Amino acid sequence: MSHKIAILGASGYTGAELVRLIATHPGLEIAALSADRKAGQPMGAVFPHLRHLDLPDLVTIDQIDFDTIDLVFCALPHATSQAVIRTLPANVKVVDLSADFRLRDPAEYQKWYGKPHDATDLQETAIYGLTEFYRDAIRDARLVAGTGCNAATGQYALRPLIERGLIDLDDIVIDLKAGVSGAGRSPKENLLHAELSEGTHAYGAGGTHRHLGEFDQEFSAIAGRPVQVQFTPHLIPMNRGILATVYVKGDAAALHAAFTDSYADEPFLVVLPMGELPSTRHVRGSNYAHISVVPDRRAGRAIVFCALDNLAKGSSGQALQNANLMLGLPETEGLTAPAVFP
């Protein structure tokens, strides 16, 4: 049986990525696509690479009959999902790709996003969408909150190590490089080709990046005490991809063994041989993440790497993986295509 789905915010990068992934999914049918500014246009006119697909035209959200929809992907800008999801029928399942429901504590949401949460009743019921660690809860959820792409990358590189007590929790540094598509599709001066190409720069430095809220929440919950990592992301002139380089204090062999054991049965988390370095080009366009460990030259220290595609495993691929669970479908359905290379 095919499940009917709607994608809200389909004119953005994550919306288009969802369409690309779902196009060959045997268990899902795209019944509605919304985009306020581009309503009335064919999806193929907004994204010509999707022109060959038989898709409904873009409409406004109020034009969608949600009584015919089984699951909604909400790919709307931050702070807009709350009001929209509140109006959806209670029987409609929701995967939200924004930041609106990632943080469980309303005070933490206000701290990192600068405004009170307008749907705290829904916030209390939302399940954090890092699939590999919340799989059982996601199966029974009505609302799943997709993670931040940077937050997902850092967590894949650290969660098993924190859970097993293998690293010094007060000595964790995450240095992360991210592609431009993570900033969204809206025109911004600092993302113009002449402003961005042939250079790179840090942003959100000194503890100001919003994904730190997710790191604080998740790592502290695992450790049973407050954990604050140092985290600096860098924007680099590539379209898609994230590479996290994480510096920790711990035995490299033990860390590699922990990843190998923890991720042995995970279909999308690939642990590379000790010392092998991952690359964003090897996961581009796929739902796979590559994780590796390299011993530092100083005894008792190690470097952990994680590479993934921010639009796939970091966002839309993760959303589809969660939707599969919520609808009782095979978790890997529609997601096993290899990376695009070169």
Side-chain angles (χ1 to χ4, degrees), residues 128 130-134 147-178 200-234 236 241-266 268-283 288-308 310 313-314:
Y128 191 64
L130 197 64
T131 319
E132 289 77 11
F133 298 95
Y134 289 91
T147 73
C149 52
N150 295 335
T153 312
Q155 288 182 73
Y156 288 135
L158 283 166
R159 287 186 74 111
L161 312 184
I162 296 174
E163 287 173 350
R164 298 178 183 222
L166 297 176
I167 57 176
D168 184 342
L169 299 180
D170 298 314
D171 193 356
I172 302 172
V173 179
I174 304 174
D175 183 294
L176 186 142
K177 310 298 190 295
T200 187
H201 63 271
Y203 65 99
T208 62
H209 195 283
R210 291 170 170 177
H211 289 182
L212 275 166
E214 293 176 66
F215 287 141
D216 290 352
Q217 171 181 275
E218 297 300 307
F219 293 156
S220 297
I222 297 168
R225 59 97 150 172
V227 176
Q228 292 188 331
V229 302
Q230 286 185 278
F231 168 55
T232 305
H234 302 75
I236 62 175
I242 294 177
L243 176 66
T245 304
V246 184
Y247 301 93
V248 295
K249 189 174 183 180
D251 178 73
L255 307 190
H256 189 267
F259 284 124
T260 301
D261 181 58
S262 294
Y263 295 157
D265 297 321
E266 292 298 341
F268 298 115
L269 304 184
V270 180
V271 181
L272 305 182
M274 174 74 85
E276 185 174 326
L277 299 177
S279 169
T280 57
R281 68 173 62 88
H282 297 154
V283 293
Y288 295 90
H290 288 184
I291 299 105
S292 70
V293 179
V294 174
D296 190 73
R297 68 174 184 171
R298 293 175 294 171
R301 301 193 68 90
I303 310 167
V304 180
F305 298 89
C306 181
L308 55 74
N310 59 291
K313 187 56 174 161

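Note that the structure is a prediction, hence the values are computed from the model and not measured.
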Asks: Can you find a heavy atom in the side chain of H290 that is under 4.5 Å from one in the side chain of S279?
Replies: no

Asks: Which value, rounded to the nearest 0.5 Å, describes the distance between E163 atom CD and I222 atom CD1?
Replies: 5.0 Å

Asks: Out of the candidates T153, L158, V248, V304, only one should pair with I174 under the side-chain contact (heavy atoms from CB on, under 4.5 Å) rule; please name it.
Replies: L158

Asks: Counting only heavy atoms from other residues, nucleotides and ligands, does the tally under 6.0 Å from CD of E276 exceed 12?
Replies: yes

Asks: Could you walk me through whether D251 and L166 satisfy the side chain to side chain contact (heavy atoms under 4.5 Å, CB included) test, starting with their C-alpha distance in whole Å, then the side-chain angles of each, then the deciding distance to 0.1 Å, before giving a yes or no?
Replies: CA-CA 8 Å; D251 178 73; L166 297 176; over 6 Å; no

Asks: How close do V270 and Y288 get, counting heavy atoms only, and between which atoms?
Replies: CG2-CD2, 4.2 Å

Asks: How about H211 and F231: are their ring centroids closer than 6.0 Å?
Replies: no

Asks: Do V246 and C306 have side chains that approach each other closer than 4.5 Å (heavy atoms only, starting at C-beta)?
Replies: no

Asks: With no hydrogens and no angle check, do the side chains of Y128 and E214 hold a donor and an acceptor under 3.5 Å apart?
Replies: yes

Asks: Check A252 against M274 and note the closest heavy-atom contact, atom names and distance.
Replies: O-CE, 3.4 Å

Asks: If we check side-chain contact (heavy atoms from CB on, under 4.5 Å) with L161, which of these qualifies: L169, I172, V293, I167?
Replies: I167

Asks: Can you name the ring-ring contact (aromatic ring centres under 6.0 Å, His included) partners of F133, sequence neighbours left out?
Replies: none

Asks: Rounded at 0.5 Å granularity, tell me how far CG in D175 sits from CG in L243.
Replies: 8.5 Å

Asks: Between OG of S220 and CD1 of I162, what distance do you get to the nearest 0.5 Å?
Replies: 8.5 Å

Asks: Do H234 side-chain atoms and L176 backbone N/O form a donor-acceptor pair below 3.5 Å?
Replies: yes

Asks: List in chain and number order the residues that pass side-chain hydrogen bond (donor to acceptor under 3.5 Å, both in side chains) with R159, two or more places apart in sequence or in another chain; answer none if no residue qualifies.
Replies: Q155, E218

Asks: Got a second to check how far D296's CG is from K249's NZ, nearest 0.5 Å?
Replies: 12.0 Å

Asks: Test side chain to side chain contact (heavy atoms under 4.5 Å, CB included) on R301 and D168; report intermediate values, then the result.
Replies: CA-CA 10 Å; R301 301 193 68 90; D168 184 342; over 6 Å; no

Asks: Taking all heavy atoms of G204 and all of P233, pick out the closest pair and write down the distance.
Replies: O-CD, 4.2 Å

Asks: Decide yes or no on side chain to side chain contact (heavy atoms under 4.5 Å, CB included) for F215 and V227, but give the supporting numbers first.
Replies: CA-CA 8 Å; F215 287 141; V227 176; over 6 Å; no

Asks: Carefully, step by step, assess Q230 and Y247 under the rule side-chain hydrogen bond (donor to acceptor under 3.5 Å, both in side chains).
Replies: CA-CA 10 Å; Q230 286 185 278; Y247 301 93; over 6 Å; no

Asks: About how many Å separate CG of L308 and CZ of F268, when rounded to the nearest 0.5 Å?
Replies: 13.0 Å

Asks: What distance separates I242 CD1 from Y156 OH, expressed to the nearest 0.5 Å?
Replies: 11.0 Å

Asks: Measure from the side-chain N and O atoms of S262 to the backbone N and O of F259, and report whether any donor-acceptor pair falls under 3.5 Å.
Replies: no

Asks: Can you name the closest pair of heavy atoms from H256 and P273 and give their distance?
Replies: NE2-C, 3.7 Å

Asks: Could you go through the side chain to side chain contact (heavy atoms under 4.5 Å, CB included) check for L212 and V229 one step at a time?
Replies: CA-CA 8 Å; L212 275 166; V229 302; 4.1 Å; yes

Asks: Testing the basics here: between A205 and T232, what is the closest heavy-atom pair and its distance to 0.1 Å?
Replies: CB-CG2, 4.3 Å

Asks: Please assess E132 against Y263 for the test side-chain hydrogen bond (donor to acceptor under 3.5 Å, both in side chains), listing each intermediate value before the final yes or no.
Replies: CA-CA 9 Å; E132 289 77 11; Y263 295 157; over 6 Å; no

